[in-house]
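This report concerns only the one structure given below.
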Amino acid sequence: MNLALSGVRLEQWLQARNPRAEQARSGQPAPPYVTGVLGARAAFQGQGRSTAAMLGSLQGTASLWVREGQLSHLVVEASGIDLAETLGLMLSGDRQLPMQCAVMRFVAREGLLRSELGLVDTPDTTVLINGNVSLAQEQLDLQVMAHPKDFSPLSLRSPIRLHGSFSQPQVQLDAGRIGLKVLAAAALAAITPLAAVIPLIDPGGATTQGCEQALQRLRSARTGQPAPAAPGKP
């Protein structure tokens with residue numbers, strides 16, 4: 001199977017609306033939590049006499065990306081469990097943040113999709129996503145780790161785990177790893193391998209450049225050295 005997906009408007013596909021957005025508070029229709037143009041590419045091989053058997057033997061790769069995307073600031077802060085900023089946004093009104101990079105790549109082995117790269121970068125926070133999705137057992141086990149670019153006095157910064165069956169997924173905090181330093185170490189430990197995966201994804205030049213800059217910032221935070229300036233900037 002060689003599959004390609006392009007031109008999918010997320011705001012038309014995902015119907016959830018944001019009643020706390022600034023537009024909704026001013027009497028305008030509530031905007032979606034996420035917008036942008038979704039694209040994907042996948043190449044799989046599988047065999048079997050049923051759909052379940054074919055999915056259980058699946059081998060290959062899949063990449064997804066979002067161009068010209070925006071994401072709810074409230075959702076971004078909630079992913080980092082930033083209590084202070086989340087409360088402030090609920091009181092003052094949510095707004096959209098541009099997604100400077102939004103990509104994900106999976107490698108499939110015997111029906112198990114393992115994340116090689118999951119990255120969403122906004123001006124406020126960089127979010128890393130990793131874990132597995134089992135097509136054979138219809139189970140998922142993903143971890144979301146937020147790396148904020150600002151300081152907050154009330155932030156737990158715990159990884160968020162999304163696991164369980166496709167029909168009944170569960171969300172829970174990783175209570176044993178709550179703390180900014182632990183999260184930063186866990187998120188930054190995988191930065192070097194991630195950089196090698198970006199050229200394998202083809203979301204377009206601007207998005208690729210944004211992803212490379214996000215990874216460079218995270219790498220610089222780990223080493224304590226300043227990130228190099230973007231081309232054309234001081």
Side-chain angles (χ1 to χ4, degrees), residues 1-16 32-69 71 79 99 101-121 126-145 159-172 174 186-187 189-208 210-212 214-215:
M1 296 179 289
N2 291 297
L3 308 176
L5 186 70
S6 64
V8 178
R9 300 295 315 190
L10 290 176
E11 60 269 27
Q12 298 177 5
W13 183 38
L14 303 174
Q15 298 297 318
Y33 283 99
V34 60
T35 67
V37 182
L38 175 66
R41 183 181 295 109
F44 291 128
Q45 293 181 348
Q47 59 185 5
R49 297 190 175 185
S50 67
T51 302
M54 286 188 289
L55 291 177
S57 66
L58 216 59
Q59 313 274 353
T61 61
S63 302
L64 301 92
W65 56 86
V66 178
R67 292 193 185 101
E68 304 170 5
L71 182 63
S79 70
M99 289 192 285
C101 170
V103 295
M104 196 158 191
R105 176 179 167 86
F106 286 99
V107 173
R109 295 288 185 274
E110 297 182 356
L112 182 67
L113 273 67
R114 177 178 56 83
S115 170
E116 276 195 334
L117 170 65
L119 175 64
V120 176
D121 185 58
T126 300
V127 179
L128 298 178
I129 307 165
N130 62 58
N132 302 314
V133 176
S134 174
L135 299 178
Q137 300 179 2
E138 298 186 359
Q139 297 279 324
L140 53 85
D141 189 0
L142 298 173
Q143 191 175 72
V144 178
M145 299 180 290
I160 298 176
R161 185 185 179 202
L162 179 63
H163 65 101
S165 66
F166 291 174
S167 59
Q168 294 183 323
Q170 301 180 32
V171 178
Q172 73 177 78
D174 190 344
I191 292 305
T192 301
L194 294 184
V197 176
I198 286 181
L200 302 177
I201 300 176
D202 183 24
T207 305
T208 300
C211 296
E212 292 171 346
L215 290 175

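Positions are given from 1 along the sequence.
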Next on the checklist: Could you measure the distance from the CG atom of Asp141 to the CG atom of Leu112? Nearest 0.5 Å is fine.
Outcome noted: 10.0 Å

Next on the checklist: I'd like to check the side chain to side chain donor-acceptor pair (under 3.5 Å) partners of Asn132; sequence neighbours left out, ordered by chain and number.
Outcome noted: none

Checklist entry - For the residue pair Phe44 and Ala62, what are the closest heavy atoms and their distance? => result CZ-CB, 3.7 Å

Checklist entry - Residues in side chain to side chain contact (heavy atoms under 4.5 Å, CB included) with Glu110, at least two apart? => result Gln59

Checklist entry - How long is the span from the CZ atom in Arg49 to the CE atom in Met54, to the nearest 0.5 Å? => result 12.0 Å

Next on the checklist: Pair Leu10, Thr35 - check side-chain contact (heavy atoms from CB on, under 4.5 Å), show working.
Outcome noted: CA-CA 5 Å; Leu10 290 176; Thr35 67; 5.7 Å; no

Item to check | Residues forming a side chain to side chain donor-acceptor pair (under 3.5 Å) with Thr61, sequence neighbours excluded | outcome: none

Checklist entry - Can you list every pair that meets side chain to side chain donor-acceptor pair (under 3.5 Å) and has a residue in residues 2-13, with sequence neighbours left out? => result Arg9-Glu11

Next on the checklist: For a 4.5 angstrom cut-off between non-hydrogen side-chain atoms, does Val133 reach Leu142?
Outcome noted: yes

Next on the checklist: Test of understanding: with side chain to side chain contact (heavy atoms under 4.5 Å, CB included), list the residues that count as partners of Ala40, not counting sequence neighbours.
Outcome noted: Leu5, Leu64

Item to check | Euclidean distance, Ser134 OG relative to Leu113 CG, rounded to 0.5 Å | outcome: 9.0 Å

Checklist entry - For Asp121 and Thr126, does a side-chain donor sit closer than 3.5 Å to a side-chain acceptor? => result yes

Item to check | Pairing residues for Thr51 by the side chain to side chain donor-acceptor pair (under 3.5 Å) criterion, not counting sequence neighbours | outcome: none

Checklist outcome for this item: Heavy-atom nearest pair, Arg41 first then Trp65, reads NH1-CH2, 3.6 Å

Item to check | Inter-residue atom distance Ser167.OG - Gln139.CD, 0.5 Å rounding | outcome: 8.5 Å

Checklist outcome for this item: Leu162 and Pro169 have their tightest heavy-atom pair at CD1-CB, 4.1 Å

Checklist entry - Between Val103 and Leu117, does a side-chain contact (heavy atoms from CB on, under 4.5 Å) hold up when you go through it step by step? => result CA-CA 7 Å; Val103 295; Leu117 170 65; 3.7 Å; yes

Checklist entry - Mind checking whether Gln143 and Ile129 have side chains closer than 4.5 Å, heavy atoms only? => result no

Checklist entry - Partners of Arg114 by side chain to side chain donor-acceptor pair (under 3.5 Å), sequence neighbours excluded? => result none

Checklist entry - Between Ser115 and Met104, which heavy-atom pair has the shortest distance, and what is it? => result OG-CE, 4.0 Å

Checklist entry - How far apart are the closest heavy atoms of Gly56 and Ala136, and which atoms are they? => result CA-CB, 3.6 Å

Checklist entry - Does Ser50 have any side chain to side chain contact (heavy atoms under 4.5 Å, CB included) partners at least two apart in sequence or in another chain, and if so, which? => result Ala52, Ala53

Checklist entry - Which atom pair, heavy atoms only, marks the closest approach of Met145 to Asn130? => result CE-ND2, 3.1 Å

Item to check | Note, Tyr33 side chain near Leu71 side chain (heavy atom, < 4.5 Å) | outcome: no

Checklist entry - Hey, are the side chains of Met1 and Leu58 touching, using non-hydrogen atoms and a 4.5 Å cut-off? => result yes

Next on the checklist: Checking Gln45 now: which residues fulfil side chain to side chain contact (heavy atoms under 4.5 Å, CB included) with it, not counting sequence neighbours?
Outcome noted: none

Checklist entry - Is Glu138 close to Ser165 at the side-chain level, that is, under 4.5 Å between some pair of heavy atoms? => result no

